[in-house]
There are 2 protein chains.
Amino acid sequence: MALVNEHFLKLPGSYLFSEIAKRVNTYKQANPEQKVISLGIGDVTQPLAPVVIEAMHKAVDEMASESTMRGYAPETGYSFLINAILENDFKMRGVDLDADEIFISNGAKSDTGNIGDILGVKNIVAVTNPVYPVYLDTNAMAGRSGIFEKGLWQDIVYLPCSPDNDFVPAIPSEKVDIIYLCFPNNPTGTTLTKKELKKWVDYALDTKTLLLFDAAYEAFITEDDVPHSIYEIEGAKKVAIEFRSFSKTAGFTGLRCGYTVVPKELMGEDAAGKPIPLNQLWRRRQTTKFNGTAYIVQRAAEAIYSKEGQKQIKDTINYYMENARIIKENLEQIGLKVYGGINAPYIWVKTPNNMLSWEYFDKLLNEKQIVTTPGVGFGKSGEGFIRLTAFGKKTDTLEAMKRIRM
Amino acid sequence: MALVNEHFLKLPGSYLFSEIAKRVNTYKQANPEQKVISLGIGDVTQPLAPVVIEAMHKAVDEMASESTMRGYAPETGYSFLINAILENDFKMRGVDLDADEIFISNGAKSDTGNIGDILGVKNIVAVTNPVYPVYLDTNAMAGRSGIFEKGLWQDIVYLPCSPDNDFVPAIPSEKVDIIYLCFPNNPTGTTLTKKELKKWVDYALDTKTLLLFDAAYEAFITEDDVPHSIYEIEGAKKVAIEFRSFSKTAGFTGLRCGYTVVPKELMGEDAAGKPIPLNQLWRRRQTTKFNGTAYIVQRAAEAIYSKEGQKQIKDTINYYMENARIIKENLEQIGLKVYGGINAPYIWVKTPNNMLSWEYFDKLLNEKQIVTTPGVGFGKSGEGFIRLTAFGKKTDTLEAMKRIRM
């Protein structure tokens, strides 16, 4: 019989959001008359921007005619989209990148999961704690995490983020090879200032550490001294891969588009210490295991970069950030400790009376019919917290706050 | 510095189709006045079916309104599509599968590449020769292939397919754990009868070998005794994973949709010999590293299963198969040895005068302005052959044949 990948067998229980979905479905089946409001999974609720809809109709029509239909897309993306990204996401922030440093994909979840394909199994990996589970689970699957014991992977270095350090992780005291950083952060909704991120880049330059920088939530930044891209920091191209997503920026969770930046000057090394450009390896990975993002989806993504598109997606982001304000203020008013929600669509809430995360999750589901995400699902340091998202409809968000205050 | 995945460094040169694209671009730049006709990469040229266009416009409109927009899709696919697949692709051929045995994805290339994630590194892998390069390259990346020497991966077991055995591979004489089978075959265009495939299933049942069955081209089958799904053979659910694609069936190369069937009774084993259901592992892989196929694309795929949809895609398949007939007949008339093209959109051609594959590729490009695929790009046994595809426009196919006959 074929041997399975044994590392899969070390994974604890089911993937966080599958477990939440299961509990919610069980509740709904038992209580079909109750209206359940989800402030749990970070899924958007607002329709796509009119420019996006228009671009997609146009692209669909192109696929209907022999002279304009498109077959396989370039595996790393169409130039029209790559150029729009270079101009808007980077050049306008003073960052120069080349077209062959951008890799269009069908989403940041796949990219942050797949990036491990090009990296050796023996690297020591560090993550913040709490953390987006995909980073941990995919490293565990690859055999980089050791075994899971008492809520921790034995071979992973954890960098705790809590109110004690204002959710700014400390530089690791031991040597690590790869560090995942997600800022604005999922799940805590907190972020790093330019000065704080510079410390990380300088440290990475000093120690030749690879930073995997997940900037999926950059569009929600409201404060000036918070970097949208790690490449705003000098030297970052030598140490960092950056992941971007249209899922939250433009509501593409159901369309699937993201991109990854792998600068050409960024090196890994082989066992003999010879520098190997990661850009080449990622290109080889993507051209071999991926067949391009749908043309109509790339046209949809391009559309958000027009002047009108930028205004439309900004309006939706403002709508969500108004939800964030509503959640934050209401919960503070009833005396809960609340973090995030200023530069990110997530609100990180300390449970009352030191309840465990899943206890408070079940209580809010059963008593208030509100779905949240248990903080402990993001790691041990998330225990005693829940995450709320601002991606709900405003009416639902207001209704949820009313229920919680009752 | 982070260690790279050393197995990537063993990969020879660039991915086949990238190399072809490079040579073609070089030729075009040097000869901008020449009209180059591609019968090389298997990319479609006919527009999407009207039912597909209509379904996509409708789905795009749904994304424009708060009450009908869709966010994250279920990672393994929407029920509407899974049910259409179960009914049309399987039940109508006498195969009963459950909904949770179907995994919708963004294409068979990714699935055949990613399937290795759930399998141990120490499995012995066998492939036919010639073979679709993705099977080999992805196993090499995972460390299952050893080193590449004289055109062969040292740890891979090759099953030659040539005119000598009518392109029916022999059962391996040594113990292997995993065998990739692609029928109708890419690149040779040949296939297996039900009786021949039954031998493989029986062998796999006897020896507990895992079959990875790539059925991407099943829609092109014209002969009655050729199975469309491996599950038409009794016992196959215990030994086979099947990959399906909408790329060629319905011209979705630029849309990206496929699916993988992992029966629940199919087992791998852990190091202690304990059976592990592969269905669960693949579900864990997909829910962790994949975030669902776009809603509009899944609606597009669903549309091909309507009565009208079936007729429309069949018309396009007939159009391509008419090209296959034209190519086959013309090349036979000028005395070339030609295989395939009856149950598959590929024609496998012996080079004249024992030319090497790349020699004949360059000759056809430079003298006839026709792009083909060098057979040796699919493996050592492909040396001395080229692959032509029937996916061109009919006028181009006729023009190409005229040039070749001149």
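Bear in mind the structure is a predicted one, so any value in this text is a computation, not a measurement. In what follows, chains are A, B, ... by sequence order, proteins preceding strands, each numbered from 1.
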Contacting region of B:M141 [heavy-atom separation from chain A under 4.5 Å]: side chain
Please state whether the side chain, the backbone, both or neither of B:I178 comes within less than 4.5 Å of a heavy atom of chain A. side chain
Short question: side chain of B:K109, backbone of A:N291 - any donor-acceptor pair under 3.5 Å? no
With a 4.5 angstrom heavy-atom cut-off, which part of B:I124 approaches chain A: side chain, backbone, both or neither? neither
Given the options A:Q280, A:M56, A:R70, which has more heavy-atom pairs under 4.5 Å with chain B than any of the others? A:M56
So which of B:V121, B:D61, B:V297 has the largest heavy-atom pair count under 4.5 angstrom toward chain A? B:D61
For B:H57, check ring-ring contact (aromatic ring centres under 6.0 Å, His included) against everything at least two apart and list the hits. A:H57
So for B:Y72, is it side chain, backbone, both, or neither that comes closer than 4.5 Å to the heavy atoms of chain A? both
Measuring heavy-atom distances to chain A, does B:L9 have an atom under 4.5 Å in its side chain, in its backbone, in both, or in neither? side chain
Reported CG-to-NZ distance for the pair B:N114 and A:K289, which is rounded to 0.5 angstrom: 5.0 Å
To the closest 0.5 Å, what do you measure between CG (A:D270) and CG (B:L3)? 8.5 Å
If you round to the nearest 0.5 Å, how far is CD of A:Q286 from OG of B:S110? 8.5 Å
Contact check, side chains of B:I53 and A:M63, non-hydrogen atoms, under 4.5 Å: yes
Side chains of B:I276 and A:V4 in contact at under 4.5 Å (non-hydrogen atoms): yes
Heavy-atom pairs under 4.5 Å with chain A: which of B:K208, B:M267, B:M69 has the most? B:M69
Find the distance between CG (A:D117) and CG (B:D117) and round it off to the nearest 0.5 Å. 6.5 Å
I'd like to check the ring-ring contact (aromatic ring centres under 6.0 Å, His included) partners of B:F391; sequence neighbours left out, ordered by chain and number. B:F220, B:Y320
Would you compute the distance between atom OG of A:S67 and atom NZ of B:K393 and round it to the nearest 0.5 angstrom? 7.5 Å
Against chain A, label B:N106 side chain, backbone, both or neither, depending on which of its atoms sit under 4.5 Å from a heavy atom there. side chain
Heavy-atom distance under 4.5 Å to chain A: side chain of B:R283, backbone, both or neither? neither
Which answer fits B:R256, side chain, backbone, both or neither, if we ask what part of it has an atom under 4.5 Å from a heavy atom of chain A? side chain
Determine, for A:E6 against B:K122, whether the closest basic-nitrogen to carboxylate-oxygen distance falls under 4.0 angstrom. no
Where on B:M1 is there a heavy atom nearer than 4.5 Å to chain A: the side chain, the backbone, both, or neither? both
Salt-bridged, A:D137 to B:R284, with N to O below 4.0 Å? yes
Heavy-atom distances under 4.5 Å only: say whether B:T209 touches chain A with side chain, backbone, both or neither. neither
Considering residues, nucleotides and ligands other than B:K274, do more than 12 of their heavy atoms fall under 6.0 Å from its NZ? no
When heavy-atom pairs shorter than 4.5 Å are enumerated against chain A, which of B:D177, B:I296, B:T45 gives the highest number? B:T45
If you count heavy-atom pairs within less than 4.5 Å of chain A, which of B:G107, B:G120, B:G113 leads? B:G120
In Å, rounded to the nearest 0.5 Å, how long is the span from OG1 of A:T288 to CG of B:L136? 11.0 Å
Greatest number of heavy atom pairs closer than 4.5 Å to chain A - which of B:I41, B:N123, B:D111: B:N123
Neighbour count >12 (heavy atoms, 6.0 Å) for atom NZ, B:K10: yes
